[in-house]
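Input: a single structure, listed below in structure tokens.
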Amino acid sequence: MGFLLRWSTRNATAAFISSQLWRRHLPTVCIGCRLLCHPTSHEPLQPAHNNQGLDLLSIQSESDLDLSLHSLEQMGFTETQAEHVCAVFSQFRGSTGKHALSTITALFVLGLNAASMLKVFEKCPELYTVREAQLQQRINNLRKLGFVEGSLQRVVVHYPQILTVPAKKIRNRVAFLHEKCLFTMQQVTGILRDSPAIVMENIDHLEYKFQYVYFRMGVKQAEMVKSKLFRLTLDEVRNRHCFLERRGLYETPDKNGQTMIINPKLDSVLNCDEDTFLKVAKASAEEYDVFKRLVEREWQQQEQQLGSFGADSGDEEEEGDDEEQEEETGGRDGYRKRKKRR
């Protein structure tokens, strides 16, 4: 009997202490659910605390919503611009377009205004699908390559596709121009600034274009950069050069760089419109059009005999690995040695 009395007393005391602890600590843990707390709590019930939790949820849900006209207007877009942005964004709703808000924010931080950003999305709506971390990495990579403030923004507005290209692919293009074609890093930055589309060009076509101008036309790297060579396609370069050559106005230099005539500067051949070029060629537009049709037929016959040059690579990353291996084995003179063996 004494044992039962002691056991009852001990359990009653434990229950009382437990209930007091529960009463003391529950209100601090369950702030948003005071209606469930013990009625003896001396703190008054305040519905505002419940609304605070709802406000937090509503803010979070608003940040997860797609872009709206109101949010874009708050960022500085006009009503018309906001409608246009939303129309473009509607193509990428769902998981592919969930990075739209972070993309717009990153471009604002870069220094673009609403009008410039509208041009960017018109040219390259795929930017909506780029994750913020990737976008920042690519912008930082361009800065490391020598793009300063002002030129970086101009390149992005002129050719926003450059922000959709992986940083590794751009580094591969830089390595090719610097290590194989022997451009200085300052010249490489100038090429990327003046001809950013080079990062999307097939590397075999890029190499052949450089070979053609370097060996066939006898032009050095500095003049290539000045003439903005890489803005033109290979066919445009060959057409203008061959037209001048067949009219006796251009001659390939010998091994000492000497010619029997004075060749026009590459800048006056390539970095100009067709009317200006025809003045250099001393020909009419009709003569040049006929020549282009004839020479195109010649090249097609040659390609059928020798096979098409430079089939597009299916995997850009594998292409980059091959370039790195060539650089390790060939070094800075790898391009020249490979050309001599031909």
Side-chain angles (χ1 to χ4, degrees), residues 158-159 173 176-177 180-183 187-188 190-312 335-336 338-340 342:
H158 171 67
Y159 191 76
R173 291 293 179 274
F176 168 77
L177 293 171
K180 298 300 176 97
C181 302
L182 302 181
F183 289 101
Q187 289 173 337
V188 171
I191 292 170
L192 290 176
R193 183 182 60 247
D194 296 330
S195 314
I198 196 175
V199 299
M200 303 290 285
E201 189 172 351
N202 178 273
I203 200 164
D204 290 331
H205 296 168
L206 193 60
E207 181 177 15
Y208 187 71
K209 187 191 301 182
F210 172 81
Q211 287 180 349
Y212 185 90
V213 176
Y214 188 85
F215 292 103
R216 185 73 173 78
M217 299 181 69
V219 177
K220 302 302 181 183
Q221 287 85 342
E223 196 173 348
M224 293 184 197
V225 176
K226 183 180 178 181
S227 67
K228 298 177 174 55
L229 162 69
F230 296 101
R231 284 187 178 183
L232 280 72
T233 65
L234 175 62
D235 287 343
E236 290 172 326
V237 174
R238 289 193 301 185
N239 282 338
R240 294 193 176 191
H241 167 248
C242 290
F243 189 61
L244 291 174
E245 189 176 51
R246 296 189 187 187
R247 293 180 65 83
L249 299 174
Y250 201 101
E251 184 179 296
T252 301
D254 60 19
K255 61 180 181 180
N256 296 319
Q258 303 298 317
T259 60
M260 298 296 293
I261 62 174
I262 299 177
N263 288 334
K265 294 293 184 182
L266 189 66
D267 188 56
S268 64
V269 175
L270 301 182
N271 190 22
C272 60
D273 57 23
E274 188 171 300
D275 292 337
T276 305
F277 166 72
L278 290 175
K279 293 179 181 178
V280 176
K282 302 175 182 179
S284 65
E286 291 77 12
E287 290 175 310
Y288 188 46
D289 289 337
V290 171
F291 170 80
K292 286 190 290 184
R293 288 196 295 269
L294 291 175
V295 80
E296 183 180 3
R297 190 179 306 166
E298 290 179 14
W299 289 333
Q300 287 176 352
Q301 292 174 353
Q302 292 177 4
E303 289 178 354
Q304 289 174 358
Q305 294 174 356
L306 303 176
S308 297
F309 174 82
D312 291 341
Y335 170 75
R336 287 181 173 174
R338 181 152 47 90
K339 183 61 186 177
K340 288 179 180 178
R342 294 178 183 174

Between [Y] and [X], is there a side-chain heavy-atom distance shorter than 4.5 Å?
X    : Y    : answer
C272 : R240 : yes
D194 : R231 : yes
Q221 : V225 : no

How long is the span from the [atom1] atom in [X] to the [atom2] atom in [Y], to the nearest 0.5 Å?
X    : Y    : atom1 : atom2 : answer
I198 : I203 : CD1   : CD1   : 9.0 Å
L177 : M224 : CG    : CE    : 10.5 Å
R216 : Y250 : CZ    : OH    : 9.5 Å
L206 : C181 : CG    : SG    : 6.5 Å
E245 : R247 : CD    : CZ    : 13.5 Å
L229 : E236 : CG    : CD    : 11.0 Å

Quiz item: More than 12 foreign heavy atoms under 6.0 Å from CD1 of I262: is that the case here?
Solution: no
For [Y], is there any backbone N or O sitting under 3.5 Å from a side-chain donor or acceptor partner on [X]?
X    : Y    : answer
R173 : E201 : yes
S195 : A197 : no
S227 : N271 : no
D254 : N256 : yes
E223 : L266 : yes

Nearest heavy-atom neighbours spanning [X] and [Y]:
X    : Y    : value
P196 : H158 : CG-CD2, 3.9 Å
L232 : K228 : CD1-O, 4.1 Å
L249 : N263 : O-OD1, 4.1 Å
P264 : V269 : CG-CG2, 3.9 Å

Quiz item: Can the positive tip of R246 be found less than 6.0 Å from the middle of the six-membered ring of F291, inside 45° of the ring normal?
Solution: no
Practice problem: Indicate the ring-plane relationship of F243 and Y288, choosing parallel, tilted or perpendicular according to the 30° and 60° boundaries. | Solution: tilted
Self-check item: All pairs passing salt bridge (charged side-chain N to carboxylate O under 4.0 Å, His left out) where residues 256-281 contributes a residue, at least two apart
Solution: E274-K292
Practice problem: Would you check if the distance from the ring center of F210 to the ring center of F183 is below 6.0 Å? | Solution: yes
Quiz item: Does the side chain to side chain contact (heavy atoms under 4.5 Å, CB included) test come out yes or no for E207 and K180, once each step is laid out?
Solution: CA-CA 9 Å; E207 181 177 15; K180 298 300 176 97; over 6 Å; no
Exercise. List for me each residue that meets side-chain hydrogen bond (donor to acceptor under 3.5 Å, both in side chains) alongside E287, sequence neighbours excluded, and say none if there are none.
Key: S284
